[in-house]
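Lettering of chains follows the sequences in order, A, B, ..., and the numbering in each one begins at 1. Keep in mind it's a predicted model, so treat the numbers as computed, not measured.
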Amino acid sequence: MAKHPATFDLPLPEAGWRRRFRRRLLAWFGDNARDLAWRRSRDPYRIWVSEVMLQQTQVATVGPYFERFLEVFPTIDALAWADEQDVLRRWEGLGYYRRARQMHEAARAIVRRHGGVFPRDREAVRALPGIGRYTAGAILSIAFDAAEPILEANTIRLLSRLLAFRGDPRSKPGQELLWAMAEAVLPRRETGRFNQALMELGSEVCRNRSPRCDACPVAALCEARRQRIEHQIPVPKAKPAMEQRHEVAVIVRRRGRVLLVRQGDGGRWAGLWDFPRFQVHAENPANLRRELIDNVRGQTSVLIEPGECLRTLKHGVTRFRITLDCYAARYVSGTPNGRADDVKWLRPSDLAEYPLNTTGRKLSRLA
DNA sequence: AACACGGGGAT
DNA sequence: ATCCCAGTGTT
């Protein structure tokens with residue numbers, strides 16, 4: 001191992017190691033690359049869509065969304081001119097909906113600033129909303145073979161193990177080391193294929209729970225393997241305590257229509273529609289009923305008569321485990337608050353046209 | 001550095 | 001039930 005810069009904890013590999021690593025990795029990838037939809041084209045737009053969908057989202061989950069999205073929005077131009085509600089509708093169920101809104105905004109920026117052509121310039125790409133260091137590197141290398149490194153979940157694990165890096169890979173110094181490693185191993189040519197090979201190996205062989213070192217083409221080059229500490233790397237993420245929370249959603253019916261509200265910017269499900277939904281604190285049914293009525297009135301100025309609980313769903317978000325009771329309610333009188341854009345009485349059959357979050361979609365089948 | 005952001009796959 | 005996933009942007 002070569003001498004390393006003073007800022008790093010560990011030495012980066014020297015030239016001979018890097019050469020052997022690349023050769024073995026690429027040979028392995030030639031035999032083991034999965035046939036993924038976004039690997040069938042080098043259109044930067046398609047690569048971009050796949051990379052954004054794949055942010056914090058598993059390959060298996062993205063699968064069905066990718067082709068459907070591209071059927072409806074086949075080009076940057078098509079996406080740029082689309083209605084945001086339509087974009088969100090195609091994203092429904094994928095989560096992290098900010099990604100869809102930012103990609104829509106970025107498409108408009110590409111039309112405005114770059115004539116509708118995806119830019120090749122690193123700074124221009126990084127300037128687009130929703131494209132950070134990883135996604136920029138991935139698109140530029142995969143679409144254009146630019147000499148850009150990548151660092152994401154799979155390669156963090158792989159590179160950490162290759163180096164036997166015992167620190168926290170999410171920390172500032174950990175990130176610096178691993179980005180330097182990602183750059184150090186990068187070849188001059190075919191950087192896109194190489195970066196995908198890194199991710200593939202990290203995903204399929206250098207797995208989180210049970211790494212398959214017996215099937216790994218670079219096991220002999222792996223410092224964690226040599227020390228038999230591959231199971232201890234990377235160190236697990238600190239988990240914030242889950243908080244229990246109780247919410248109520250209300251299906252307010254009036255003359256064959258149901259009341260929907262649109263979530264404001266910045267928070268959960270921004271831009272999506274939902275049934276009126278509130279956090280409640282009451283323990284017993286009588287108080288809960290009172291609280292429910294007050295909440296609906298407070299947010300919609302609508303008087304309701306709540307019926308029985310239709311069903312209870314449980315779901316978790318980042319910090320909360322939520323129990324959601326869904327009530328049917330009869331409209332009595334009043335007018336919903338808010339702009340007409342944000343509050344609507346919809347025919348149940350029209351709910352299909354509106355982007356809802358996943359629990360909202362489940363409840364919509366009761367409406 | 002710590003958080004918020006979603007939903008589902010894997011064990 | 002728990003951890004994690006082809007991260008980004010804000011505080």
Side-chain angles (χ1 to χ4, degrees), chain A residues 33-34 36-39 46-66 88 91-103 105-106 125-139 141-142 148-159 168-175 178-179 182 192 195-204 206-210 234-244 263-272 274 313-322 324 355-362:
Chain A
R34 285 171 294 177
L36 304 176
W38 45 91
R39 288 186 176 156
R46 296 175 70 91
I47 306 297
W48 175 32
V49 171
S50 74
E51 290 302 340
V52 173
M53 285 187 172
L54 286 161
Q55 288 169 3
Q56 292 293 289
T57 307
Q58 296 184 175
V59 168
T61 303
V62 169
Y65 284 85
F66 179 72
L88 284 171
W91 205 269
E92 188 183 295
L94 259 187
Y96 284 146
Y97 299 96
R98 188 178 60 173
R99 294 181 294 177
R101 304 178 83 192
Q102 287 181 316
M103 197 163 68
E105 183 50 43
V125 174
R126 277 301 302 273
L128 297 169
I131 299 187
R133 189 170 176 183
Y134 162 75
T135 303
I139 297 170
S141 63
I142 295 171
E148 298 287 343
I150 56 157
L151 188 66
E152 45 72 71
N154 297 305
T155 63
I156 286 172
R157 191 168 56 245
L158 172 63
L159 300 182
D168 182 354
R170 306 159 201 82
S171 69
K172 181 80 169 175
Q175 288 281 302
L178 294 170
W179 273 106
N195 281 338
Q196 291 185 82
L198 280 180
M199 293 190 277
E200 192 83 338
L201 186 65
S203 167
E204 302 301 294
C206 200
R207 302 183 301 188
N208 195 344
R209 300 296 175 79
S210 47
V235 296
K237 209 179 306 190
K239 42 167 187 188
M242 272 291 201
E243 242 175 272
Q244 180 62 40
Q263 301 298 316
D265 289 359
R268 247 194 319 169
W269 303 314
L272 277 66
D274 198 3
L313 297 170
K314 288 187 189 297
H315 70 279
V317 287
T318 313
R319 272 183 45 224
F320 301 103
R321 183 165 306 287
I322 296 174
L324 176 70
L356 306 180
N357 63 62
T358 297
T359 57
R361 183 60 67 193
K362 285 175 186 163

Trainee: C:dC3 phosphate, OP1 or OP2: any side-chain N/O from A:Lys239 under 4.0 angstrom?
Mentor: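 Answer yes for this pair, as a side-chain N or O of A:Lys239 is under 4.0 Å from OP1 or OP2.
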
Trainee: For DNA chain B, whose closest nucleotide is more 5', that of A:Tyr97 or that of A:Arg209?
Mentor: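 Upstream on the strand: A:Tyr97.
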
Trainee: Using the C1' atom as the reference point in each nucleotide, state the distance between B:dG6 and C:dC5 in Å, no decimals.
Mentor: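 That atom pair is separated by 12 Å.
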
Trainee: For a 4.5 angstrom cut-off between non-hydrogen side-chain atoms, does A:Val59 reach A:Leu36?
Mentor: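 Touching, per the 4.5 Å side-chain cut-off.
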
Trainee: Return the 5'-most residue of the pair A:Lys172, A:Lys362 with respect to DNA chain B, ranking by each residue's nearest nucleotide.
Mentor: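 Whichever sits nearer the 5' end wins; that is A:Lys172.
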
Trainee: Ignoring backbone atoms, test whether A:Thr358 places a side-chain nitrogen or oxygen under 4.0 Å from the OP1 or OP2 oxygen of B:dG7.
Mentor: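 For B:dG7, OP1/OP2 do have a side-chain N/O of A:Thr358 under 4.0 Å.
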
Trainee: Measure from the side chain of A:Thr61, starting at C-beta and using heavy atoms only, and say which of C:dA6, B:dG6, B:dG9 lies closest.
Mentor: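 Closest nucleotide among those given: B:dG9.
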
Trainee: Is A:Arg157 touching bases, backbone alone, or none of the nucleic acid, heavy atoms closer than 4.0 Å?
Mentor: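 Sugar-phosphate contact only.
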
Trainee: Among B:dC5, C:dG7, B:dG6, find the nucleotide with the atom closest to the side chain of A:Glu152.
Mentor: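 Closest of the options to the side chain of A:Glu152: C:dG7.
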
Trainee: So do the side chains of A:Met103 and A:Trp48 get within less than 4.5 Å of each other, counting heavy atoms only?
Mentor: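 Yes, side chains in contact.
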
Trainee: What is the distance from CE of A:Met53 to P of C:dT8, rounded to the nearest Å?
Mentor: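 It is 16 Å, rounded to the nearest whole Å.
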
Trainee: Indicate yes or no: does A:Arg101 engage A:Asp265 in a salt bridge with an N to O separation below 4.0 Å.
Mentor: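 Yes, this pair counts.
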
Trainee: Would you please say whether a donor-acceptor pair under 3.5 Å links the side chains of A:Gln55 and A:Arg99?
Mentor: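 No.
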
Trainee: Are A:Leu151 and A:Leu159 close enough that some pair of their side-chain heavy atoms sits under 4.5 Å apart?
Mentor: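 A side-chain contact under 4.5 Å exists here.
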
Trainee: Kindly say whether, by distance alone, the side chain of A:Arg99 makes a donor-acceptor pair under 3.5 Å with the base of C:dT8?
Mentor: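 When only heavy-atom distances are counted, A:Arg99 does not reach the base of C:dT8 through any donor-acceptor pair under 3.5 Å.
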
Trainee: How many Å lie between CD on A:Glu204 and P on C:dC4, as a whole number?
Mentor: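 It is 18 Å, rounded to the nearest whole Å.
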
Trainee: Expressed as a whole number of Å, how far does the P atom of B:dA10 sit from that of C:dA6?
Mentor: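 My reading of the P atoms in B:dA10 and C:dA6 gives 11 Å.
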
Trainee: CG of A:Leu178 versus P of C:dG7: gap in Å, rounded?
Mentor: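 Taking CG of A:Leu178 and P of C:dG7, I get 14 Å after rounding.
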
Trainee: Can you check the A:Glu92 CD to B:dG7 P distance for me, whole Å?
Mentor: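 Taking CD of A:Glu92 and P of B:dG7, I get 9 Å after rounding.
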
Trainee: Would you say A:Thr135 reaches C:dA6's phosphate, i.e. side-chain N/O to OP1/OP2 under 4.0 Å?
Mentor: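 Answer is no, no contact under 4.0 Å.
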
Trainee: Which part of the nucleic acid does A:Ser210 contact within heavy-atom distance under 4.0 Å: base, sugar-phosphate only, or nothing?
Mentor: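 Since no nucleic acid heavy atom lies under 4.0 Å of A:Ser210, the category is nothing.
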
Trainee: Describe the nucleic acid contact of A:Pro240 in one word from base, sugar-phosphate, nothing, applying a heavy-atom distance below 4.0 Å.
Mentor: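 A:Pro240: no heavy atom of the nucleic acid under 4.0 Å.
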
Trainee: Using a cut-off of 4.0 Å on non-hydrogen atoms, how would the nucleic acid contact of A:Ile150 be classed: base, sugar-phosphate, or nothing?
Mentor: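 Since no nucleic acid heavy atom lies under 4.0 Å of A:Ile150, the category is nothing.
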
Trainee: Side chain of A:Gln102: nearest nucleotide among C:dG9, C:dC4, B:dG7?
Mentor: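 Looking only at heavy atoms from C-beta outward on A:Gln102, the closest nucleotide is C:dG9.
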
Trainee: A:Leu356 CG to B:dG7 P: how many Å, rounded?
Mentor: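 Going from A:Leu356 (CG) to B:dG7 (P), I get 11 Å.
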
Trainee: Using a cut-off of strictly less than 4.0 Å, decide whether A:Trp91 has a side-chain nitrogen or oxygen near OP1 or OP2 of B:dG6.
Mentor: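 So the side chain of A:Trp91 is outside the cut-off, no N or O lying under 4.0 Å from OP1 or OP2 of B:dG6.
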
Trainee: Does A:Arg98 reach a base, just sugar-phosphate, or nothing at all? Heavy atoms under 4.0 Å.
Mentor: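 Base, at least one base heavy atom under 4.0 Å.
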
Trainee: Among B:dA1, C:dA6, C:dG7, find the nucleotide with the atom closest to the side chain of A:Gln55.
Mentor: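 Closest nucleotide to the A:Gln55 side chain: C:dG7.
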
Trainee: Calculate the interatomic distance between A:Arg207 atom CZ and C:dC4 atom P; express it in whole Å.
Mentor: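 Spelled out: CZ on A:Arg207 to P on C:dC4 is 15 Å.
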
Trainee: Where the side chain of A:Asn357 is concerned, which of C:dA6, B:dG7, B:dC5 is the nearest nucleotide?
Mentor: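 Output: B:dG7.
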
Trainee: Check whether any side-chain nitrogen or oxygen of A:Gln58 sits under 4.0 Å from OP1 or OP2 of C:dC5, and answer yes or no.
Mentor: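 Checking C:dC5 against A:Gln58, no side-chain N or O comes under 4.0 Å of OP1 or OP2.
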
Trainee: Tell me whether the side-chain N/O atoms of A:Tyr96 come closer than 4.0 Å to OP1 or OP2 in C:dC5.
Mentor: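 No, no such contact exists.
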
Trainee: Counting any heavy atom closer than 4.0 Å, what does A:Ala138 reach on the DNA or RNA strands: base, sugar-phosphate only, or nothing?
Mentor: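 If one applies the 4.0 Å heavy-atom cut-off, A:Ala138 turns out to touch nothing in the nucleic acid.
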
Trainee: Distance check needed: C:dT8 C1' versus A:Gln175 CD, whole Å only.
Mentor: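 Roughly 12 Å, once rounded to whole Å.
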
Trainee: Base, sugar-phosphate or nothing for A:Gly267? Non-hydrogen atoms, less than 4.0 Å.
Mentor: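 Sugar-phosphate contact only - A:Gly267 comes under 4.0 Å of backbone atoms but never of a base.
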
Trainee: Hey, are the side chains of A:Gln196 and A:Ser141 touching, using non-hydrogen atoms and a 4.5 Å cut-off?
Mentor: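 They are not in side-chain contact.
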
Trainee: Can you tell me if A:Arg319 touches the phosphate of B:dA4, counting only side-chain N or O atoms and a distance under 4.0 Å to OP1 or OP2?
Mentor: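 Yes, within the criterion.
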
Trainee: Using the rule side chain to side chain contact (heavy atoms under 4.5 Å, CB included), only one of A:Ile142, A:Val49, A:Val62 pairs with A:Trp38; which is it?
Mentor: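 By the side chain to side chain contact (heavy atoms under 4.5 Å, CB included) criterion, A:Trp38 pairs with just one of A:Ile142, A:Val49, A:Val62: A:Val62.
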
Trainee: Just how far, in rounded Å, is P of B:dA4 from CD of A:Gln263?
Mentor: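 That distance rounds to 17 Å.
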
Trainee: Which part of the nucleic acid does A:Leu36 contact within heavy-atom distance under 4.0 Å: base, sugar-phosphate only, or nothing?
Mentor: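 Since a base atom lies under 4.0 Å of A:Leu36, the category is base.
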
